[in-house]
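Step one of this worksheet: look at the structure below.
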Number of protein chains: 2
Amino acid sequence: MAASPTASPATLHDVAREAGVSLATASRSLNGSTRKVNDEYRQRVLAAAARLNYSPNFSAQAVAKGSTSTVALLVSDIADPYFSSIAAGVIRAAETQGLIVTMAVTERSTERELELVRALRGQRPRVMILTGSRSDGSESQAALVAELKAFAATGGRVVLISQEGLPFSTVVVDNYLGARALANSLVGQGYRRFAAIGGARTLVTSRDRLAGFADGLAEHGIAIHPDHIVRGEFTRDGGFAAATELLADGIGQIDLVFAVSDVMAIGAMSAFREAGIVVPRDIAVAGFDDIDTARDVTPALTTVHIPLADLGQQAVELALSDAALSSDEVIRVETRVVLRASSPQL
Amino acid sequence: MAASPTASPATLHDVAREAGVSLATASRSLNGSTRKVNDEYRQRVLAAAARLNYSPNFSAQAVAKGSTSTVALLVSDIADPYFSSIAAGVIRAAETQGLIVTMAVTERSTERELELVRALRGQRPRVMILTGSRSDGSESQAALVAELKAFAATGGRVVLISQEGLPFSTVVVDNYLGARALANSLVGQGYRRFAAIGGARTLVTSRDRLAGFADGLAEHGIAIHPDHIVRGEFTRDGGFAAATELLADGIGQIDLVFAVSDVMAIGAMSAFREAGIVVPRDIAVAGFDDIDTARDVTPALTTVHIPLADLGQQAVELALSDAALSSDEVIRVETRVVLRASSPQL
DNA sequence: CTGTTAGCGCGTTCAA
DNA sequence: TTGAACGCGCTAACAG
């Protein structure tokens with residue numbers, strides 16, 4: 001057991017020599033597409049490889065073959081359950097295809113996202129998957145599209161998870177329709193006076209959900225007073241802060257507050273609790289996404305279900321399918337309203 | 001805009017030609033360590049690279065240099081907030097070092113973990129980080145150590161996050177002490193009759209926490225009746241099921257139930273809620289880990305704080321430091337009892 | 001400071 | 001079926 005502190009890994013060349021065969025034969029035995037190698041040689045090579053603890057060098061394979069087996073995934077924040085659930089789906093799907101997943105975090109910055117895409121291109125991933133809401137009006141947007149186009153032009157597959165609008169294949173969540181359905185259900189539950197907690201105005205996801213919700217209410221002749229729409233970061237703390245703001249204005253005339261994401265809704269619920277406001281007795285709450293913890297908070301959170309892990313899985317499959325070549329394939333996933341204890345029948 | 005469907009990416013060679021310089025000069029301008037190239041040439045190269053939308057091929061760089069810039073991270077389940085928080089720390093630390101993170105999921109299977117380590121070696125990552133509790137008694141354990149040793153012998157750095165015991169550098173959480181401190185605090189709160197929800201017997205983390213908790217109680221002459229220790233999977237559903245089991249036996253004589261992880265504790269709380277048991281009025285609950293949602297459930301969960309993101313960050317730093325060469329460096333992170341509303345003073 | 005050249009580890013054609 | 005030789009994109013000596 002006296003290996004030198006830093007020997008180099010055994011190479012295919014070493015294995016070939018150890019097995020007494022040629023480099024080509026070794027290569028064919030270890031990876032070679034079809035069985036075109038004498039079984040005796042084959043065994044010899046396998047044995048030699050095991051003896052030397054050989055592990056193929058993916059980088060070398062990639063240069064030689066001109067293609068890799070990696071999927072690059074960009075998320076806003078991996079600690080956010082929304083993204084980690086999607087990531088789980090991506091990883092699961094990738095692994096069944098023998099693909100390795102590399103991950104990077106944009107921290108919700110479009111500039112950072114651009115940088116990362118640029119950097120990740122160096123990996124020559126087979127697939128690049130971008131999650132997180134698009135925010136328009138950003139100058140980086142055009143540059144991002146250009147960068148992704150350049151990647152796609154050289155054989156890379158790009159898939160976005162969020163909303164359509166960019167010229168790439170996309171797994172789309174119908175935020176508008178989901179929010180509208182939610183509004184309808186809540187009115188059905190007897191709610192009439194609403195407030196809303198949104199994200200930044202430029203965030204398309206936030207906007208779509210707010211619009212859908214408003215339109216759903218409008219069908220019943222209900223409107224949200226502009227003063228009752230507060231905004232915050234698209235995070236738990238953002239929801240907490242927004243709810244606090246809402247409280248400062250007084251919530252006496254509000255039945256239910258709709259937060260555009262579960263994470264924000266849960267932050268809001270904590271703010272209410274700390275202020276001594278009891279949900280749903282004093283005010284009801286609803287969110288969007290149906291993250292795992294939505295059912296574990298008390299009261300359980302009414303929300304719009306999105307099959308998050310499926311989103312990730314479908315993104316991988318879409319990317320690998322030839323449909324992705326068309327560069328504008330769209331998969332639309334269904335949402336579903338989930339009524340829970342945070343918005344009981346009135 | 002009529003790029004052929006699948007052109008190949010521009011190579012350094014293309015850039016050099018476009019700029020009218022040699023390959024070496026192009027290489028030096030684009031990456032070359034220090035400024036050893038005439039600024040005019042340099043600009044020409046940069047311009048050419050931009051024009052051709054050049055992106056360096058990491059794989060080729062890796063082959064040429066004999067080293068990569070990737071960190072491989074293995075987690076049990078990325079959708080679990082415990083792991084996703086650690087992953088966030090790993091990614092953050094890696095990115096500041098210009099390293100790319102590749103991630104794989106073991107699904108809590110030791111066999112799968114072994115397979116993945118074997119596969120990931122092909123990446124020749126600079127660092128391999130394994131998180132998740134060790135479970136002893138598994139046959140794969142020895143094979144895993146062998147595989148990791150082989151990796152380390154060829155210059156790879158290995159860091160584990162969990163408990164010591166394996167011959168690699170480790171970021172250790174003092175589960176035993178944390179649980180003992182928790183037990184003491186809870187007795188201080190007035191609790192006397194306890195139940196516990198644990199994971200599989202072979203899971204070291206679960207065992208350590210249970211042991212620490214029991215010893216902490218023992219200091220006060222308190223013991224947990226064996227019938228009041230139930231086990232389940234180390235997941236939310238595992239906690240839910242275990243709590244259900246507990247309920248079936250009757251919890252009339254129990255003040256507080258300690259779950260060995262927050263995720264299980266939260267599952268248990270949901271089970272209680274669905275059974276009409278009110279926490280903490282009917283029974284108090286405590287967990288371990290202090291995941292983000294621990295403060296957002298109602299009542300907020302008493303737990304033992306672990307700086308999860310720091311764990312990941314420190315793992316990367318430990319791996320990169322020369323201390324990791326010694327192969328048995330240990331960083332011990334502090335835990336801290338956090339008393340919340342789920343275990344009020346009696 | 002620049003260009004030439006020899007590898008890096010591997011896949012794959014092409015003869016044998 | 002096997003092996004020799006070339007090339008993948010790039011870095012790092014080495015000479016100029």
Side-chain angles (χ1 to χ4, degrees), chain A residues 6-46 48-49 52-70 121-125 154-156, chain B residues 6-46 48-49 52-70 121-125 154-156:
Chain A
T6 294
S8 4
T11 78
L12 189 56
H13 190 246
D14 298 333
V15 175
R17 206 158 34 93
E18 171 87 6
V21 300
S22 79
L23 233 172
T25 303
S27 172
R28 289 191 269 253
S29 314
L30 258 13
N31 321 299
S33 41
T34 43
R35 58 193 63 183
K36 309 180 72 175
V37 48
N38 182 312
D39 203 56
E40 190 201 320
Y41 279 174
R42 183 186 198 69
Q43 296 306 334
R44 281 231 303 262
V45 172
L46 261 36
L52 297 180
N53 222 316
Y54 171 74
S55 166
N57 185 322
F58 292 171
S59 292
Q61 291 187 157
V63 239
K65 292 206 274 214
S67 79
T68 65
S69 307
T70 79
R121 271 187 64 199
Q123 287 242 26
R124 300 286 186 276
T154 55
Chain B
T6 294
S8 10
T11 77
L12 188 57
H13 191 246
D14 299 331
V15 175
R17 206 156 34 91
E18 170 87 4
V21 301
S22 78
L23 232 176
T25 303
S27 172
R28 288 192 271 253
S29 313
L30 259 12
N31 322 298
S33 40
T34 44
R35 59 192 64 183
K36 309 180 75 177
V37 47
N38 181 313
D39 203 56
E40 189 202 318
Y41 279 174
R42 182 187 198 70
Q43 296 306 333
R44 281 230 303 260
V45 172
L46 261 38
L52 297 179
N53 223 317
Y54 171 74
S55 166
N57 185 320
F58 291 172
S59 293
Q61 291 187 159
V63 210
K65 292 207 273 214
S67 78
T68 66
S69 306
T70 80
R121 272 187 63 198
Q123 286 241 27
R124 301 285 186 275
T154 55

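Protein chains get the first letters and strands the later ones, always in sequence-line order, with residue 1 at the start of each. Bear in mind the structure is a predicted one, so any value in this text is a computation, not a measurement.
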Do the side-chain N or O atoms of [X] get closer than 4.0 angstrom to the phosphate oxygens (OP1, OP2) of [N]?
X: Asn31(B); N: dC10(D); value: no
X: Ser27(B); N: dT11(D); value: yes
X: Thr25(B); N: dT2(C); value: no
X: Gln61(B); N: dT11(D); value: yes
X: Ser22(B); N: dG3(C); value: yes

Locate the shortest heavy-atom distance separating [X] from [Y]; write the atom from each residue and the value.
X: Arg42(A); Y: Arg28(A); value: NH1-O, 4.5 Å
X: Pro56(A); Y: Gln61(A); value: CB-OE1, 3.5 Å
X: Ala26(B); Y: Leu12(B); value: CB-CD1, 3.8 Å
X: Ser59(B); Y: Ala62(A); value: OG-CB, 3.5 Å

Atom [atom1] of [X] and atom [atom2] of [N]: how far apart are they, to the nearest Å?
X: Arg17(A); N: dG9(C); atom1: CZ; atom2: C1'; answer: 14 Å
X: Asn38(A); N: dG3(D); atom1: CG; atom2: C1'; answer: 14 Å
X: Arg28(A); N: dG11(C); atom1: CZ; atom2: C1'; answer: 10 Å
X: Asp14(A); N: dG9(C); atom1: CG; atom2: P; answer: 8 Å
X: Leu30(B); N: dC10(D); atom1: CG; atom2: C1'; answer: 11 Å
X: His13(B); N: dG3(C); atom1: NE2; atom2: C1'; answer: 12 Å

If you round to the nearest 0.5 Å, how far is CZ of Arg121(A) from CZ of Phe58(B)?
10.5 Å

Given [options], the nucleotide with the shortest approach to the side chain of [X]:
X: Asn57(B); options: dC8(C), dC10(C), dC10(D); answer: dC10(D)
X: Val37(B); options: dT11(D), dC10(D), dT2(C); answer: dT2(C)
X: Leu12(A); options: dG11(C), dG3(C), dC10(D); answer: dG11(C)

Is a donor-acceptor pair below 3.5 Å formed from side chain Arg124(B) to base dG9(C), judging by atom type as modelled?
no

Starting from the 5' end of DNA chain C, give me the residue, Leu23(B) or Lys65(B), whose nearest nucleotide shows up first.
Leu23(B)

Residue closer to the 5' end of DNA chain D, Ser59(B) versus Ala24(B) (nearest nucleotide):
Ser59(B)

Toward the 5' end of DNA chain D, which comes first, Ala64(A) or Asp39(A), by nearest nucleotide?
Asp39(A)

Touch check for Tyr54(B), heavy atoms < 4.0 angstrom, all strands: base, sugar-phosphate only, or nothing?
sugar-phosphate

